[in-house]
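Right, one structure below, let's go through it.
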Protein chains: 2
Amino acid sequence: MNISEAAKLSGLAAKTIRYYESIDLLDLPRRGANGYRRYQDGDVQTLCFLRQARQFGFNIDQCRLLLALYKNPQRRSAEVHHLVSEKLAEVDAHIRELGETRDLLAQLVGACPNDEASGCSIIDTLAGQPEQVVAEKKR
Amino acid sequence: MNISEAAKLSGLAAKTIRYYESIDLLDLPRRGANGYRRYQDGDVQTLCFLRQARQFGFNIDQCRLLLALYKNPQRRSAEVHHLVSEKLAEVDAHIRELGETRDLLAQLVGACPNDEASGCSIIDTLAGQPEQVVAEKKR
DNA sequence: CTAAGCCTTACAGCAACTAGAAGGTCAAGG
DNA sequence: CCTTGACCTTCTAGTTGCTGTAAGGCTTAG
């Protein structure tokens, strides 16, 4: 199959597939007589793997590692487990951080008069020195 | 004060301040006889404002809007309220999305044997077609 | 024969900085 | 007076993970 078919099946953009190839994340595919890239079912599996890994938040270098494990029948599942639980911890931390941000934003929204006047606690808070917000964060 | 002092007080990197200037987010500051940028307390307030707004997740263009409101004594607090509650909704959506990702990752971590053998449900799941994960997502 | 819809490469641009080079300025110490 | 180190200046290029655009070749249907 050609690249657009592989793209459709894998959920990646054709551009993205070429890009992955250009950064050596993917092996060079076989080419047809016309110079077109040709993909097999196994290649599509690999593309799917990458798409999912990216969706899970793994960056390109982490995908490289995961892909190496994926392709290596001698892998130890513990290695995979390690990578994934690290990512889980990262995502958890990110969520906590965003949660704090959300709470602060909600505070701002709640405290703003939301009217035609110029007085605005949001503006006042944002203009304040860092410590003020940090202090509120701790409460 | 010079730029590094303003940077320290505001919590922004000196490089970032110059960058903000280069994209017209900040006005050109006065310069000393030696060509060094000179900042006043009011400038530091503005820098703090930007730092906080960025930390709250506003992008540069949104910061431009917020900054205009900040500097405009004729602003209506409702405008500020609008911008901030939109951001709150965005952050909320982002958190929900990340929450789903986290749950899926936790599932993967839990299902992996985490041993010396090569069999690994994580690898298997990642290699699967999109629908499989989507289906799990819905459960 | 031509129009569309693929495919190819290569270069540019996005956000929001960050790093580095190459050089000017300033204050303190020997 | 000279040097050293910490500032400051501008400029260019790199980061991440693509995405857009241009300019051209292949393929297939009408």
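Within every chain, numbering begins at 1; the chains are lettered A, B, ... in the order of the sequence lines, protein sequences first and strands thereafter.
Going from atom OH of B:Y19 over to atom C1' of C:dA16 covers 4 Å, rounded to whole Å. Nucleotide C:dC6 holds its C1' atom 15 Å from the CD1 atom of A:I17, rounded to whole Å. Between the CD atom of A:E21 and the C1' atom of C:dT9 there is a distance of 12 Å, given to the nearest Å. Taking atom CG of residue B:L50 and atom P of nucleotide C:dA15, one finds them 17 Å apart after rounding to whole Å. A straight line from CG of A:L28 to C1' of C:dT8 spans 15 Å, rounded to a whole angstrom. Atom-to-atom, CE of A:M1 to C1' of C:dC6 comes out at 16 Å; the value is rounded to the nearest Å. Distance CG (A:L12) to P (D:dC18): 8 Å, rounded to an integer number of Å. The distance between atom CZ of A:F56 and atom C1' of D:dG17, rounded to the nearest whole Å, is 19 Å.
A:K87 forms a cation-pi arrangement with A:F58, by the criterion of a distance under 6.0 Å to the ring centre and an angle within 45° of the ring axis.
In terms of phosphate contacts, A:S4 brings a side-chain nitrogen or oxygen within less than 4.0 Å of OP1 or OP2 of C:dC7. A close approach under 4.0 Å does occur between a side-chain nitrogen or oxygen of B:T16 and OP1 or OP2 of C:dT18. The phosphate of D:dC8 has neither OP1 nor OP2 within less than 4.0 Å of any side-chain N or O from B:R37.
Among C:dC7, D:dT9, C:dT9, the nucleotide with an atom closest to any side-chain atom of B:R18 is D:dT9. In the set D:dT10, C:dA16, C:dG24, D:dT10 carries the atom at the smallest distance from any side-chain atom of B:R31.
For D:dG17, its base never sits under 3.5 Å from the side chain of A:Y20 at any donor and acceptor pair. The base of D:dG17 is not paired with the side chain of A:K15 by any donor and acceptor separated by under 3.5 Å.
Between A:N114 and A:V109 there is no side-chain heavy-atom pair separated by less than 4.5 Å.
Closest-nucleotide positions on DNA chain C for B:D61 and B:A33 were compared, and the one nearer the 5' end corresponds to B:D61. With DNA chain D read from its 5' end, the first of the two nearest nucleotides for A:N34 and A:A13 is the one closest to A:A13. Toward the 5' end of DNA chain C, the nearer of the two residues B:Y36 and B:I60, judged by each one's closest nucleotide, is B:I60.
Between the side chains of A:H82 and A:E86, a donor-acceptor pair is found at a separation under 3.5 Å.
Across all strands, A:I23 comes closer than 4.0 Å to no nucleic acid atom at all (heavy-atom distances).
When every heavy atom of B:Y20 is checked against every heavy atom of B:L12, the shortest pair comes out as CE1-CD1, 4.0 Å.
More than 12 heavy atoms of other residues, nucleotides or ligands sit less than 6.0 Å from atom CG of B:D61.
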